[in-house]
Asks: 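Below you will find the structure I want to go over with you.
First listed ligand is number 1; within each ligand, the first listed atom is number 1.
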Amino acid sequence: MARPTYSARVIVVHKTKLGESDLILTMLAEDGSQLRAVAKGARKPRSSFASRLELFSVADVLCAKGRSLDVVSEARLVESNAGLRGDIEKTAAAAPITELVERTTQPDLACPNLFAMTSTALTTMSESDVPYAPSIAAGHLLKAFAMTGVRPMLATCAACGNPVMPLNDGSLAFSPREGGVICSHCRSHTEAGYIDARTAEWSNFLLRSTFSDIEEARMGVREAFSVLDLCQRWCIEHVGCKLRSLSFLFTSGLYETN
Ligand SMILES: [Zn+2]
């Protein structure tokens, strides 16, 4: 008996080897839920899947329901985002985007707008100049946190809601556990670290801007990395994991932060 099939537009966010020549694909579906399916023979040199189901690419897939895992039977490439695989700096900057999506999405749990936002981020980065790739990644991570219900508060105190002023040295108290920046009054009874006030300003800018505006802002790598560091702390607290690809980006030396 033929198994039921379904079609979906997806972004490939993770690939795992299976057996001799197959791949298990983790994909973000258009409704923001996660799909996992096997692409049989995808690692064979002449497989037609290989070029259509690359990491970061957008594709239309036809899948057959399986007992444990679904099976991809057809795939049509929609947007290759080849620029993200063409040079290692962009690959490294795009990896936290797909890692966070893989970590935060679940089967059958819709997340409106996550697909469109992720697709725009990847395409913008694919076509952007290398130095602006980290700012696009930072914009995506912050927007993804907001869409999954854990938006950091960066202008008003996360504990009391009052406006927050930087300290004399330009720093702001920041507590991922409390949910954002902390005012001087609440600081005494809150466990908080510190961030540069400009990191909070950049984060606010990234949260409210389109990706083309983010690219045009020509944010420095150092500033983008400071926001990405905030994102890593945020992820540990609210997603429950450290993004390995972000740790790699920080230590790889691929980007000049001076
Ligand atoms: Zn407060």
Asks: Side-chain atoms of residues 92-100: list all donor-acceptor pairs with protein atoms under 3.5 Å, sequence neighbours left out, distances to 0.1 Å.
Replies:
| unit_1 | atom_1 | unit_2 | atom_2 | d |
| --- | --- | --- | --- | --- |
| Thr98 | OG1 | Ala95 | O | 3.1 |
| Glu99 | OE1 | Arg244 | N | 3.2 |
| Glu99 | OE1 | Ser245 | N | 2.8 |
| Glu99 | OE1 | Ser245 | OG | 2.5 |
| Glu99 | OE2 | Arg244 | N | 3.0 |

Asks: CG/Leu28 to OG/Ser119 distance, rounded to the nearest 0.5 angstrom?
Replies: 9.0 Å

Asks: Taking the six-membered ring for Trp, are Phe174 and Tyr194 ring centroids under 6.0 Å apart?
Replies: no

Asks: Decide, yes or no, whether a salt bridge links Arg9 with Asp60 under the criterion of side-chain N to carboxylate O below 4.0 Å.
Replies: yes

Asks: Which residues pass the side-chain contact (heavy atoms from CB on, under 4.5 Å) test with Thr120, not counting sequence neighbours?
Replies: Thr124, Phe211

Asks: Return the set of residues passing side-chain contact (heavy atoms from CB on, under 4.5 Å) with Ala116 (not counting sequence neighbours), or none when no residue passes.
Replies: none

Asks: What's within reach of the Zn ion (ligand 1), meaning protein N/O/S atoms under 2.8 Å?
Replies: Cys157 SG, Cys160 SG, Cys183 SG, Cys186 SG

